[in-house]
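Just so you know, ligand 1 is whichever comes first in the structure, and atom 1 is the first atom listed for that ligand. Because the structure is predicted, anything quoted here is derived from the model rather than measured.
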Amino acid sequence: MIGDNLQGVISRIARAAAAAGRPPGSVRLLAVSKTHPPARIAEAYGAGQRAFGENYVQEALEKMETLAALLGREGAGALEWHLIGPLQSNKTRAAAERFDWVQSVDREKIARRLSEQRPAALAPLNVLIEVNLSGEPSKSGIAAEAAAGLAHAVAALPRLRLRGLMSIPAPSSDKAEQRAAFRAVRELFERLRAEGLELDTLSMGMSDDMEAAIEEGATMVRIGTAIFGPREKVRSAA
Ligand SMILES: *Cc1c(COP(=O)(O)O)cnc(C)c1O
């Protein structure tokens with residue numbers, strides 16, 4: 001069933017890319033597995049999916065352990081882990097050691113810690129800056145005005161590789177509104193590139209708005225519900 005859902009999502013991505021005149025391989029799929037048990041991740045792996053997104057460090061570490069047992073060393077080693085939830089300073093070491101990407105960097109202090117704590121034996125940690133263009137103060141993400149300063153500071157850190165931007169616009173059922181929010185993120189992305197930053201990743205779009213995001217230039221969509229079904233009750237962020 002997860003295999004069918006994955007195929008459905010891959011078709012939606014391909015259709016949206018074609019409608020936007022973009023090549024089919026230009027949008028990566030991140031499967032968001034938060035709250036879902038490791039067995040479901042193993043099922044998605046069996047259907048060909050390799051990149052997974054988790055919101056909570058502790059929950060992700062537990063799943064990595066279980067998957068090492070379920071898939072064996074080689075299978076588990078083929079997985080690519082993205083942290084997409086807010087990151088507190090006391091969790092940066094685990095994030096720097098165990099993840100391949102951190103998409104939720106919104107403060108220089110967190111970026112510095114990730115750079116300092118990234119093990120020398122591993123490739124630099126891929127990071128995205130999370131931007132909050134709707135200006136809701138309670139939400140995570142850095143405001144548009146401050147994003148360029150943070151991006152240049154992060155790009156200079158030795159053990160990080162700044163790849164681009166991530167955004168979670170306020171949900172809307174209106175396609176024009178969805179597109180306008182994604183367009184603002186893409187314009188910021190293009191501005192940073194024009195300033196000389198070598199960025200290749202624009203992470204935006206979820207189960208309900210991936211088409212609008214792809215039409216506005218997303219290179220990675222983060223899809224949970226459309227692959228794994230409704231989430232189980234959210235556990236604490238411990
Ligand atoms: C949960 C989550 C998603 C996936 O959302 P769906 O609507 O289930 O596809 C994507 N991005 C982030 C940051 C999330 O927290």
Donor-acceptor pair, side chain of Ser26 and main chain of Pro23, under 3.5 angstrom: yes
Distance-only N or O hit between ligand 1 and Gly224, under 3.5 Å: yes
Contact partition for Lys34 relative to ligand 1, non-hydrogen atoms under 4.0 Å: side chain
Asp100 side, atom CG; Leu122 side, atom CG - distance, nearest 0.5 Å: 8.5 Å
Arg118 side chain to Ala123 backbone, donor-acceptor under 3.5 Å: yes
Whether Phe99 and Trp81 hold their rings parallel, tilted or perpendicular, with breakpoints at 30° and 60°: perpendicular
Within-cut-off N or O pair, Ser207 and ligand 1, under 3.5 Å: yes
Heavy-atom gap Met210 to ligand 1 smaller than 4.0 Å: no
For atom 10 (C) of ligand 1, closest protein heavy-atom neighbour: Met206 SD, 3.2 Å
Short side-chain to backbone donor-acceptor contact, Ser167 and Val131, under 3.5 Å: yes
Gln103 side chain vs Ile129 backbone, donor-acceptor pair below 3.5 Å: no
Contacting atoms of ligand 1, where contact means under 4.0 angstrom from a heavy atom of Ile223: 9 (O)
Arg186 and Glu215 ion-paired at < 4.0 Å: no
Numbered atoms of ligand 1 (with element) below 4.0 Å of Ile84, judged on heavy atoms: 11 (N), 12 (C), 13 (C), 14 (C)
Interfacing atoms of ligand 1 (cut-off 4.0 Å, heavy-atom, Ile168): 13 (C)
Side chain Asp174, main chain Glu177, donor-acceptor under 3.5 Å: yes
Ligand-residue contact atoms, ligand 1 with Arg222, heavy atoms, under 4.0 Å: 4 (C), 9 (O), 10 (C), 11 (N), 12 (C), 13 (C)
Which segment of Asn55 sits under 4.0 Å of ligand 1 when only heavy atoms are counted: side chain
Where ligand 1 meets Thr225 - atom numbers and elements under 4.0 angstrom, heavy-atom basis: 6 (P), 7 (O), 8 (O), 9 (O)
